[in-house]
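Here is the structure we will look at.
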Amino acid sequence: LYTKHRNGLWEQLEPLKSKYNIITGKRPYNEYIKTLAESKICLSPFGMGELCFRDFECMQFGTLIVKPNMNRVNTVPNIYEDNETYIAVDYDWSNLNEKVDYVLSDFDHLNQKINTNIRKEFLEKYTYENLCMHWYEIFSNLDKVNKYE
C-alpha cells in the first residue's frame with residue numbers, strides 16, 4: 001500500500017545523488033544506527049502508518065527529520081510542527097530538493113532549533129501520566145458507544 005509513496009521518494013532522490021552523499025538501503029542494525037547518528041537529515045516516508053520508529057531514533061541521535069507534511073494526521077500526542085520539530089515536504093516529494101537545500105544552507109541553526117524543540121515536545125507529551133490519561137479518556141467514555149446485542 002505504501003510502495004507508490006516510497007517510489008516517489010526514490011525518484012526525487014536521483015537528481016540529489018550527484019549533489020549530496022545519500023545512503024539508502026537496508027543495513028545491519030548497528031551500521032544503520034551509526035549511519036543515522038552521523039547523518040544530518042533522515043528522510044522518513046510513511047509506511048504502515050505516518051509515525052515511524054525512525055522518527056524516534058532521529059530524536060535520540062539528533063538527526064533532522066524530513067517527512068511528508070503531518071498536518072492531516074490526527075495523533076495524540078502530536079509533536080509534529082513544520083519547521084519547529086521537523087521539516088515537512090509535499091506528499092508527492094516534489095519539493096524535496098528545495099527542502100534539502102534549505103536545511104543544509106542553514107544546518108547549524110535548524111539542527112539546534114528543531115532538535116531542541118522536538119526533544120522538549122517529546123519529554124512533555126510522552127509522559128506516563130499523559131499516556132494513562134489518554135487511555136482513561138477513551139475507556140471512561142465507552143458508555144457512549146452503541147453496543148450490539
Side-chain angles (χ1 to χ4, degrees), residues 1-139 141:
L1 294 173
Y2 52 83
T3 301
K4 182 177 179 184
H5 173 69
R6 288 182 174 213
N7 283 341
L9 169 58
W10 307 140
E11 289 169 14
Q12 292 296 323
L13 280 177
E14 279 306 312
L16 293 174
K17 286 182 177 179
S18 63
K19 209 168 164 182
Y20 302 112
N21 182 19
I22 297 175
I23 300 169
T24 60
K26 190 168 176 84
R27 302 200 171 332
Y29 183 73
N30 288 338
E31 183 181 336
Y32 160 72
I33 290 299
K34 184 179 185 303
T35 302
L36 183 64
E38 294 173 349
S39 297
K40 291 183 176 184
I41 296 172
C42 178
L43 304 175
S44 187
F46 297 159
M48 297 301 255
E50 296 83 2
L51 304 182
C52 180
F53 61 87
R54 184 182 319 102
D55 298 350
F56 299 103
E57 292 167 343
C58 287
M59 285 180 235
Q60 180 180 4
F61 293 107
T63 309
L64 287 179
I65 303 167
V66 175
K67 68 184 294 137
N69 193 305
M70 296 286 285
N71 286 349
R72 295 182 185 174
V73 177
N74 183 13
T75 184
V76 175
N78 187 0
I79 62 171
Y80 294 94
E81 186 179 341
D82 184 23
N83 272 331
E84 293 297 323
T85 59
Y86 80 111
I87 302 295
V89 295
D90 292 339
Y91 291 99
D92 64 0
W93 303 97
S94 60
N95 65 341
L96 178 63
N97 193 335
E98 169 191 323
K99 293 293 184 154
V100 168
D101 286 342
Y102 163 70
V103 169
L104 295 178
S105 71
D106 193 18
F107 179 75
D108 290 336
H109 168 74
L110 289 171
N111 185 45
Q112 176 67 32
K113 175 183 126 179
I114 289 174
N115 278 306
T116 298
N117 290 344
I118 199 163
R119 287 173 175 165
K120 181 177 180 243
E121 287 289 308
F122 179 86
L123 290 172
E124 288 176 3
K125 293 183 178 176
Y126 279 90
T127 65
Y128 294 127
E129 182 178 345
N130 286 345
L131 176 63
C132 289
M133 289 307 296
H134 171 71
W135 286 105
Y136 172 79
E137 290 296 322
I138 291 172
F139 291 132
N141 289 307

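Everything numeric in this text was worked out from a predicted model, so none of it was measured.
Side-chain contact check for Lys19 versus Asn97: some heavy-atom pair is nearer than 4.5 Å. Side-chain contact between Val89 and Leu43 is absent, with no heavy-atom pair separated by less than 4.5 Å. Between Val103 and Lys40 there is no side-chain heavy-atom pair separated by less than 4.5 Å. A 4.5 Å side-chain heavy-atom check between Asn117 and Glu81 finds every atom pair outside the cut-off.
Side chain of Asn115 to backbone of Asn111: a donor-acceptor contact under 3.5 angstrom is found. For Arg6 (side chain) and Phe46 (main-chain N/O), a donor-acceptor pair under 3.5 Å exists by modelled atom type.
Here Ile118 contributes atom CD1 and Thr116 contributes atom OG1; the two are 11.0 Å apart, rounded to the nearest 0.5 Å. To the nearest 0.5 Å, atom CD of residue Gln12 and atom CG of residue Asn7 are 12.0 Å apart. Between the CD1 atom in Ile22 and the CG atom in Leu16 there is a gap of 5.0 Å [rounded to 0.5 Å]. In this structure, SG in Cys58 is found 13.5 Å from OH in Tyr86, a value given to the nearest 0.5 Å. Between Ile87 atom CD1 and Ile65 atom CD1 the span is 10.0 Å, to the nearest 0.5 Å.
Listed here is the closest heavy atom pair of Ile114 and Asn83: CG1-O, 4.2 Å. The nearest pair of heavy atoms linking Leu9 to Trp93 is N-CD1, 3.4 Å. Residues Ile79 and Thr85 come closest through the heavy atom pair O-OG1, 2.7 Å. Among all heavy-atom pairs drawn from Cys42 and Arg54, the shortest one is SG-CD, 3.4 Å. Pairing each heavy atom of Pro15 with each of Ser18, the nearest pair is O-OG, 3.3 Å.
Annotation: ring-ring contact (aromatic ring centres under 6.0 Å, His included) contacts of Phe61 (sequence neighbours excluded): none. Remark: Lys67 engages Asp55 in a salt bridge (Lys or Arg N to Asp or Glu O under 4.0 Å) (not counting sequence neighbours). Evaluation of the salt bridge (Lys or Arg N to Asp or Glu O under 4.0 Å) rule for Lys113 yields Glu84 as partners, not counting sequence neighbours.
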Would you tabulate the side-chain donor-acceptor contacts of residues 128-139 under 3.5 Å, counting partners in other chains and residues two or more places apart, or write 'none'?
{"from": "Asn130", "atom 1": "ND2", "to": "Glu124", "atom 2": "O", "distance (Å)": "3.0"}
{"from": "Asn130", "atom 1": "ND2", "to": "Lys125", "atom 2": "O", "distance (Å)": "3.2"}
{"from": "Asn130", "atom 1": "ND2", "to": "Thr127", "atom 2": "OG1", "distance (Å)": "3.3"}

Show me, pair by pair, the donor-acceptor contacts under 3.5 angstrom made by side chains of residues 29-36, not counting sequence neighbours?
{"from": "Tyr32", "atom 1": "OH", "to": "Glu57", "atom 2": "OE1", "distance (Å)": "2.4"}
{"from": "Lys34", "atom 1": "NZ", "to": "Glu38", "atom 2": "OE2", "distance (Å)": "2.7"}
{"from": "Thr35", "atom 1": "OG1", "to": "Glu31", "atom 2": "O", "distance (Å)": "2.8"}

Side-chain donor-acceptor pairs under 3.5 Å in residues 68-76, sequence neighbours left out?
{"from": "Asn69", "atom 1": "OD1", "to": "Asn71", "atom 2": "N", "distance (Å)": "2.6"}
{"from": "Asn69", "atom 1": "OD1", "to": "Asn71", "atom 2": "ND2", "distance (Å)": "3.2"}

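A side-chain donor-acceptor contact under 3.5 Å links Asp101 and Tyr20.
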